Each structure stands twice: as structure tokens, then as C-alpha cells.
Amino acid sequence: MATQTSTIRSRGMELLMQYKQSPSVHLRNRLVQLNAGLVRKIAHRVSHQCSEPYEDLEQIGYIGLIRAIERFNPGQGCAFSSFAVPYIRGEMLHFLRDRGTTVKIPRRWQDLQKESQKLQMELMRSLGRNPSDSEMAEALGVPVKEWREVKMAHKNRLPLSLDATVCQQVDSNITLGETLPDSHYQLMQALEEDRQQIQRALNQLESKTRTAIEFVFFKGLSRKEVAEKIGVSPMTVTRRIQRGVDEMIAYLQPQELRTDP
């Protein structure tokens, strides 16, 4: 299984290199098929966090995957899966944001909220004050706990302003926007970590193998040009690249996988 996975990853990187040098619909479709499992995995996870059908999310996810394929640069030295996830998930989140409210409220609670608006006005007229939670719950015929949950859900369905104050300091206020993580910085940080891991894996390779990979993947030379530079045949270059990529994938696997008997 580990060997099969290594072969797939190696083949995927070669296809990405080919697509970067000479884009075509055929190559792009092969890359989409090769990475379809990544889309399905993310769609499955997101579908459990919303009410949209899994199939719709999967189809939207493929748009993100195609955009990732179009923008990926193998020379940056990061794993394609790490690069593609933000694009795939981002397309799904854009789709959900355009479909409706930020928080999906159960139909029963939506009906209770609508009914409560009329009842609250009637109770205010009869009591001469705002009704308590227990009085509202009794009028609706639901437990007090459920009524409070209905109120909280309705309140939280409305998006907050990023300028809303979440914490007050002596000399300044901290807004909601300032507490959110910088997605661009996080992506750049992840890319840098991947680059460092790739470089460490490259350093483990035999000198000519490392040179062949750097010339082909990072400098964009053909295998024939590399063969002339290092004094071997193009077929030897191909074999060195295949062996080197396999060794790098094995090195980059988690420690427990590399040490299993």
C-alpha cells in the first residue's frame, strides 16, 4: 500500500510538472481524477457541518481543485495537497455563504421564532411588561431550555461586524477582526514549512540524483538537457528522478510509518 501511494504521488508530481510546462485539458482532467479523493474527503467533512447535499459540495469542490491545478507551481517546493485544500474548501464555503444565512437553524426553531413574535406582543399587552423566558416557554408549549436555545440561535444567525469590540484594554479595544487568523500568513507559513521539508528530503539524496531533480523540477530543464549536463543518458536521468522522488516520499512520511517492520 505504501509503495502504491508513493507511485501515485510521484506520478502526480510529474503530471503537474508537465501541465506547468504545457497545459492541456487532457492533462488537467487526469490531475482532477488523480486528486478526486481529496475533494470527496473535504466535501464529506463540510457536509456534516451544514444542510447542503454532499453531492453539491463535491461538484463545487472540483472547481476549487481545478483552480489549484491552474495556480500550482511545482518549483515552490510544497506538496500539492497542502496547496489545494484552501482552494477546494474555499469554493465550498463561498457556495454556502451565497446559499443562505451563516448559521443553519432547524425548521422547528424557525417556526417557534415566528410564532413567538406574535405571542410576545400579546403577552406584553396583557402583562404590561416584557414576558419572562418561563412565560414565553409556557405560551409556546415548550421547555424553558428549548426557548432559550431558540432565542440564542436566532441571535447568532446574524453575522457580526469585524469592527465589533470583543475585549477592552486600558488604552485600546480589541475588535473581532483583530482576533481572526490571517489566512494568507497561515498559507505562506505552511508553504515555507513544506519547502523546508522538501529541502531536507533533497539533501538526503545522492548528489547526481539530487542534481537531476533540481534541474528538472526547479529549473525546468528537459531530461535530455540534464543528461548532457551530468554526463548520463536521458533514460538514466528518468530512472534517477523516479528513484529520487520515491526516496523523498519515503523520507517525508511520518516517523511511525517509516519505522514499521
Side-chain angles (χ1 to χ4, degrees), residues 36-65 67-68 82 84-190:
L38 185 60
V39 174
R40 290 193 290 266
K41 180 179 179 181
I42 298 173
H44 181 74
R45 187 180 306 156
V46 174
S47 68
H48 284 78
Q49 302 171 355
C50 67
S51 59
E52 296 298 330
Y54 163 83
E55 292 77 11
D56 291 352
L57 293 170
E58 182 184 7
Q59 292 304 312
I60 292 296
Y62 285 121
I63 297 176
L65 175 59
R67 289 183 176 176
S82 300
V85 166
Y87 283 92
I88 298 170
R89 182 173 172 79
E91 283 298 324
M92 294 180 189
L93 295 182
H94 281 306
F95 170 73
L96 293 176
R97 185 163 56 247
D98 293 340
R99 292 282 289 181
T101 58
T102 305
V103 178
K104 295 294 182 180
I105 301 176
R107 174 59 60 182
R108 168 179 165 79
W109 286 9
Q110 293 182 39
D111 293 340
L112 284 172
Q113 175 61 30
K114 291 178 181 178
E115 185 180 355
S116 72
Q117 293 175 356
K118 179 181 178 181
L119 288 174
Q120 188 172 26
M121 294 300 296
E122 294 176 353
L123 287 172
M124 285 178 66
R125 282 195 294 267
S126 62
L127 297 173
R129 56 174 172 80
N130 285 325
S132 64
D133 285 346
S134 59
E135 289 168 336
M136 282 297 303
E138 183 179 357
L140 290 167
V142 299
V144 175
K145 180 180 179 182
E146 183 176 8
W147 165 239
R148 288 172 177 166
E149 290 175 341
V150 170
K151 287 201 309 178
M152 183 62 70
H154 180 71
K155 178 180 178 181
N156 288 341
R157 73 179 299 198
L158 301 176
L160 289 174
S161 168
L162 293 179
D163 294 326
T165 300
V166 296
C167 181
Q168 293 185 339
Q169 301 290 344
V170 175
D171 55 349
S172 64
N173 295 331
I174 297 178
T175 65
L176 176 61
E178 291 171 333
T179 67
L180 298 178
D182 185 333
S183 58
H184 178 73
Y185 171 77
Q186 289 181 325
L187 176 59
M188 292 300 101
Q189 186 178 43

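Quick caveat: nothing in here was measured; it's all calculated off a predicted structure.
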[X] [atom1] to [Y] [atom2] distance, which is reported to the nearest 0.5 Å:
| X | Y | atom1 | atom2 | value |
| --- | --- | --- | --- | --- |
| L112 | M136 | CG | CE | 9.5 Å |
| K41 | L38 | NZ | CG | 7.5 Å |
| L93 | I42 | CG | CD1 | 10.0 Å |
| D133 | K145 | CG | NZ | 14.0 Å |
| M92 | I63 | CE | CD1 | 10.0 Å |

Stepwise side chain to side chain donor-acceptor pair (under 3.5 Å) test for Y87 and E91: CA-CA 6 Å; Y87 283 92; E91 283 298 324; over 6 Å; no

Specify the closest pair of heavy atoms between S132 and R129, including all atoms of both residues, with the distance to one decimal. N-NH1, 4.1 Å

With L140 as reference, evaluate E146, E115, Q120, Q113 under the side-chain contact (heavy atoms from CB on, under 4.5 Å) test and give the passing residue. E115

Of E58, Q59, R89, the residue whose pairing with V39 passes side-chain contact (heavy atoms from CB on, under 4.5 Å): E58

Would you indicate whether the side-chain heavy atoms of W147 and V144 approach each other to under 4.5 Å? no

Atom CD of E135: over 12 foreign heavy atoms under 6.0 Å: yes

